[in-house]
Amino acid sequence: MSLRTVLVLVAALVATSVSASPSAPAAAPLGFGGVVPVPVSATPAAGVTYQITSSTSLYTDVPAVGDQLARQLRRSTGYPVPIVAAPAAGGISLRLGSVSGGDEAYQLDVTATGITVLANRAAGLFNGVQTLRQLLPYAADSATVQPGPWPVQGGRITDAPRYAYRGAMLDVARHFFPVAAVQRYIDQIALYKINYLHLHLSDDQGWRIVIDSRPRLATYGGSTAVGGDPGGYYTKAQYQELVAYAAARNITIVPEIDLPGHTNAALASYAELNCNGVAPPLYTGTDVGFSTLCTSKEITYTFIDQVLGELAAITPGPYLHLGGDEASSTKPADYAAFMNRAQAIAAAHGKTVIGWHDIVKATPLPSTVVQYWGTTPKDSAVAGAGRKVIMSPASRAYLDMKYNSRTQLGQDWAGLIEVKDAYGWNPGSYLTGLPSQQVLGVEAPLWTETIRTSADIEYMAFPRLPALAELAWSPYGKHDWTAFKKRLGAQGPRWRVMGVNYYHSGQIAWPAGS
Ligand code: TNX
């Protein structure tokens, strides 16, 4: 036996005895300091750790929520994690009960002998589970069995959202994203307690949802995308599959049909929608503001009634987004009259309207929600409109803006948005003159003129989407860039495990290897 072989054998023996030794220090749990959005209150119990083991069971009052957690734990730990009919000592319990803070609030207790998430409603349990996921070792998000161990920091977290509307938007019109890609994004944003996904379903470059009474919208209007890339559309069954997939993750789909501008795909599909009766060619460029429905033709309103009626019928959520932005080819008086009629049609189908903030140039219904996408905090028309507002200031919240001048993807018309810029504003006081009670929430839109793949989506959304999610969820009293940077850095290793293609911003100290 050579000296080298002996040394290798000795080293192997030492390694075996160290890892098998009962006195070896247990792996430290991640702790409460890495949760995004930061919870309202998080009190660690010093020295207390829970361990997920091969005998851990799961009890749940809401099967849909418990099943998702059990499936994830089985996948990564390889343990059976049985769902049991009654809470078991030593196990995980997801229970309905009474906590303060409303439908989405939760309380999470971790002791040495069990984990309990308590909430008033399923939504709160789901939120509590998302927090629990971030307390688990990164490997718990793996799609394959990992070695463990699986320690969880002991203590109590109580939590509830600042805003009812915490949104993301995906433009599936400029580029089409198949169901699986949208589901992948839903999985990623749900981890940060986003509860609305706004789908921009129509624009000049493509129409993405089947309307049975107007079949050419999808089959012809949906055949194109920016740059000549492949088009596509969702069947009603696929759309409903997305609605259900999102709902299981506490996310409500908000469908948008952009009117009366951004309508070239519709105008190309049906000649009668054009004032001159001539269908324009399909469009694959990136200009805005050149198309308009013919506001003086009665057929236009029949068309809108058909489209909104069919869409409302497959949308259980309360909102229909009617767009209304950049209608620079529609005369101002025509725009106002048109948007007023369009709102009435949406309302007749039982839906609450959301419109881009241009809609304040019409007469927003008292219930209409105005989505602010400007670049300046001074917009007295929006602030003074007396309507609920969703805050998406383009210079802060637009995920399609470049991070810096070297970013390959995206645009820069609203400025460059590094992580600190995305995080560094207060949605409750951003718009001068808008009372904070009128802010319904925050939405992070991702326009896709330059975005073609899931990897592209992820690069632009991560890490800015979690920054915006924290603004939407956490009390502003917890707003702290220095602390946030650390919490955000802690997401990096998890994204690596999940295969999320994120931007390694130089502003964040990412842990080694992430
Ligand atoms: C403006 S923001 C638009 C979109 C573009 C986006 C690109 C808004 C309501 N309209 O049509 O895709 O800029 O950043």
Side-chain angles (χ1 to χ4, degrees), residues 167-177 196 198-208 224-227 229 254-267 283-293 319-330 335 339 342 353-362 364 368-376 379 381-382 385 389-403 407-417 421-422 431 442-452 456-457 459-461 464-465 468:
M169 185 208 82
L170 186 62
D171 170 8
V172 296
R174 270 54 176 272
H175 277 100
F176 178 67
F177 294 89
Y196 286 90
H198 165 186
L199 292 176
H200 184 75
L201 289 170
S202 69
D203 213 304
D204 293 316
Q205 299 86 349
W207 185 284
R208 306 302 182 203
T224 42
V226 165
D229 283 330
V254 177
E256 177 185 353
I257 299 297
D258 204 345
L259 305 167
H262 290 279
T263 44
N264 192 76
L267 295 165
Y283 182 70
T284 59
T286 58
D287 288 348
V288 296
F290 61 88
S291 57
T292 181
L293 293 175
Y319 298 118
L320 281 188
H321 200 307
L322 302 186
D325 58 312
E326 300 175 319
S328 30
S329 298
T330 321
Y335 173 86
M339 288 311 285
V353 170
I354 305 180
W356 296 107
H357 75 244
D358 319 52
I359 200 171
V360 302
K361 292 182 220 139
T368 291
V369 176
V370 175
Q371 183 167 11
Y372 184 66
W373 62 278
T375 53
T376 155
D379 190 320
V382 174
V389 177
I390 294 170
M391 294 300 299
S392 302
S395 48
R396 301 288 188 165
Y398 266 30
L399 298 179
D400 65 318
M401 291 301 121
K402 292 175 183 288
Y403 291 96
T407 309
Q408 299 286 311
L409 299 169
Q411 310 203 41
D412 61 6
W413 66 263
L416 301 170
I417 308 181
D421 307 308
L431 206 51
V442 179
E443 184 180 289
L446 179 50
W447 302 100
T448 58
E449 287 92 337
T450 67
I451 307 300
R452 305 167 70 211
D456 293 350
I457 291 175
Y459 188 79
M460 300 309 271
R464 290 181 294 196
L465 177 110
L468 294 155

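As the structure is a computational prediction, the values presented were derived from the model and not from experiment. Atoms within a ligand are numbered from 1 in the order they appear, just like the ligands themselves. Residue numbers start at 1 and run along the sequence shown.
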Sub-4.0 Å atoms of ligand 1 with respect to non-hydrogen atoms of [X]:
| X | result |
| --- | --- |
| M401 | 14 (O) |
| D400 | 7 (C), 14 (O) |
| Q411 | 7 (C), 14 (O) |

Does any N or O in the side chain of S392 come within less than 3.5 Å of the main-chain N or O of E443, such that one atom is a donor and the other an acceptor? yes
Please report which non-hydrogen protein atom sits nearest to [atom], along with the residue it belongs to and the distance in Å to one decimal place.
| atom | value |
| --- | --- |
| atom 2 (S) of ligand 1 | Y398 OH, 2.4 Å |
| atom 5 (C) of ligand 1 | E449 OE2, 3.3 Å |
| atom 8 (C) of ligand 1 | D325 OD2, 3.4 Å |
| atom 13 (O) of ligand 1 | W413 CZ2, 3.4 Å |

Contact between ligand 1 and H262 is defined here as a heavy atom of the residue under 4.0 Å from a ligand atom; is it met? yes
Minimum heavy-atom distance between [X] and [Y], given as atom pair plus value:
| X | Y | result |
| --- | --- | --- |
| A225 | R174 | CB-O, 3.4 Å |
| A362 | Y335 | N-CE2, 4.3 Å |
| T407 | K402 | O-NZ, 2.7 Å |

Taking the minimum heavy-atom distance to atom 3 (C) of ligand 1, which of M169, E326, E256, R174 ranks first? E326
Please determine, by modelled atom types, if T292 and T330 share a side-chain donor-acceptor pair under 3.5 angstrom. yes
Assess whether side-chain contact (heavy atoms from CB on, under 4.5 Å) is satisfied between L320 and I257, documenting all intermediate values. CA-CA 8 Å; L320 281 188; I257 299 297; over 6 Å; no
Do the ring planes of W356 and H321 sit parallel (below 30°), tilted (30 to 60°) or perpendicular (above 60°)? tilted
